[in-house]
Amino acid sequence: SPAPHLSFPFRGLQISSFANRSWTRTDGLAWLGELQPYTLRNESNTIGFLKPWSRGTFSDQQWEQLQHTFLVYRSSFTRDIWEFVKMLPSDYPLEIQVSGGCELLPRNISESFLRAAFQGKDVLSFQGMSWVSAPDAPPLIEEVIKVLNQDQGTKETVHWLLHDICPELVRGLLQTGKSELEKQVKPEAWLSSGPSPGPGRLLLVCHVSGFYPKPVRVMWMKGEQEEPGTRQGDVMPNVDSTWYLRVTLDVAAGEAAGLSCQVKHSSLGDQDIILYWDGNHVS
Ligand code: ELG
């Protein structure tokens with residue numbers, strides 16, 4: 001079965017939309033592995049704790065300080081962009097996405113990153129102690145970088161957030177959120193037939209739903225052999241932070257009997273789910 005998660009990357013995301021000279025909004029959210037502990041909506045001046053364990057091991061006073069840092073940043077960032085727009089040839093609407101975070105690695109090491117995209121393309125990142133432009137960023141980004149690199153105070157704050165706060169936050173969340181992060185929820189599986197792919201052909205559908213965590217392996221089998229025509233859909237979210245997947249196989253109607261769908265998931269241990277196509281699934 002796929003191995004259970006051992007590492008939980010933390011990533012904070014910022015989405016800023018500038019529709020025109022006066023309309024803008026910035027939303028923030030953060031993920032730890034597959035779970036979302038925080039939100040910071042444009043309409044709100046407080047970080048929303050979405051999980052009972054979101055506080056981690058930080059004190060109320062530390063949270064007040066962090067929240068203050070993000071609120072100052074949000075308004076400064078908006079002001080900055082309005083200034084930068086005057087330097088750039090670009091016109092509204094503008095979309096800026098910033099993502100940053102960290103991951104704890106073995107031996108007490110942690111790895112951090114921060115990067116930003118402009119109109120959907122990477123433009124800059126923070127490396128060590130300074131801002132650098134992305135490989136094929138438009139030349140004018142260099143002007144933005146120059147301005148950003150002159151602000152020593154901000155660079156120190158970014159470094160502090162990435163290399164001190166982030167790993168410490170994650171260490172706390174791994175303790176307070178342990179049982180939810182490491183939970184194992186078994187999938188249910190069922191078979192159906194899909195729209196016929198053509199005359200004399202059947203579309204066999206194997207549905208797998210309700211599992212956590214996300215890694216799963218679902219195969220159509222003939223005996224011990226994987227059917228090469230197996231097509232995996234995308235893993236889709238259910239509303240309860242479990243996952244759903246469908247896997248299909250296009251076969252000649254006469255060859256469906258004896259095929260089975262096999263599901264491997266960490267919650268099942270070695271007890272794979274195996275469902276046999278018995279011809280009663282035709283809709
Ligand atoms: N500095 C106030 O990123 C992603 C988390 C970053 C947190 C940075 C927090 C620091 C901050 O808010 C703003 O700085 C003044 O006050 C500070 C103390 O509160 C210090 O004393 C500092 O020295 C002083 O200057 C500062 O205004 C800063 O510029 C805010 C935005 C910085 C920033 N910009 C950014 C821009 C990030 C990603 C992408 C872009 C541009 C993308 C390209 C657009 C065309």
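Numbering of ligands and ligand atoms starts at 1, following listing order.
Side-chain contact between F8 and V170 is absent, with no heavy atoms from C-beta onward closer than 4.5 Å.
Close approach to A116 involves these atoms of ligand 1, each under 4.0 Å from a residue heavy atom: 38 (C), 39 (C). Atoms of ligand 1 found under 4.0 Å from any heavy atom of G153 (numbered from 1 in listed order, with element): 23 (O). Close approach to S76 involves these atoms of ligand 1, each under 4.0 Å from a residue heavy atom: 2 (C), 13 (C), 26 (C), 27 (O), 30 (C).
Aromatic ring pairs are classed by plane angle as parallel below 30°, tilted from 30° to 60° and perpendicular above 60°; the pair Y244 and W190 is tilted. Using cut-offs of 30° and 60° for the angle between ring planes, the W131 and F126 rings count as perpendicular. Taking the six-membered ring where the residue is Trp, F77 and Y73 present tilted rings, their angle falling between 30° and 60°.
For the residues F18, F70, F118, Y73, the heavy atom positioned nearest atom 4 (C) of ligand 1 is part of Y73.
Contacts with ligand 1 closer than 4.0 Å are made by side-chain heavy atoms of L148 only, the backbone lying farther away. Residue contacts with ligand 1 for V158 involve side-chain atoms from C-beta outward but no N, CA, C or O (heavy atoms, distance under 4.0 Å). When non-hydrogen atoms are compared, ligand 1 lies under 4.0 Å from the side chain of W131 (C-beta onward) but not from its backbone.
Looking at T157 next to ligand 1, no N or O pair under 3.5 Å apart turns up. At a 3.5 angstrom cut-off on N or O pairs, Q14 does not count as close to ligand 1. Residue T69 places no N or O, backbone or side chain, under 3.5 Å from any N or O of ligand 1.
For the salt bridge (charged side-chain N to carboxylate O under 4.0 Å, His left out) test, residues two or more places apart in sequence or in another chain that qualify with E180 are K51. The side chain to side chain contact (heavy atoms under 4.5 Å, CB included) test applied to T78 returns F18, T24, T26, W82, not counting sequence neighbours.
With hydrogens and angles disregarded, a donor-acceptor distance shorter than 3.5 Å links the side chain of S196 to the backbone of R201. Checking side-chain atoms of E168 against main-chain N and O of I165 turns up no donor-acceptor pair under 3.5 Å.
Less than 4.0 angstrom separates atom 16 (O) of ligand 1 from none of the non-hydrogen atoms of the protein. For atom 11 (C) of ligand 1, a protein heavy-atom neighbour is present inside the 4.0 Å cut-off.
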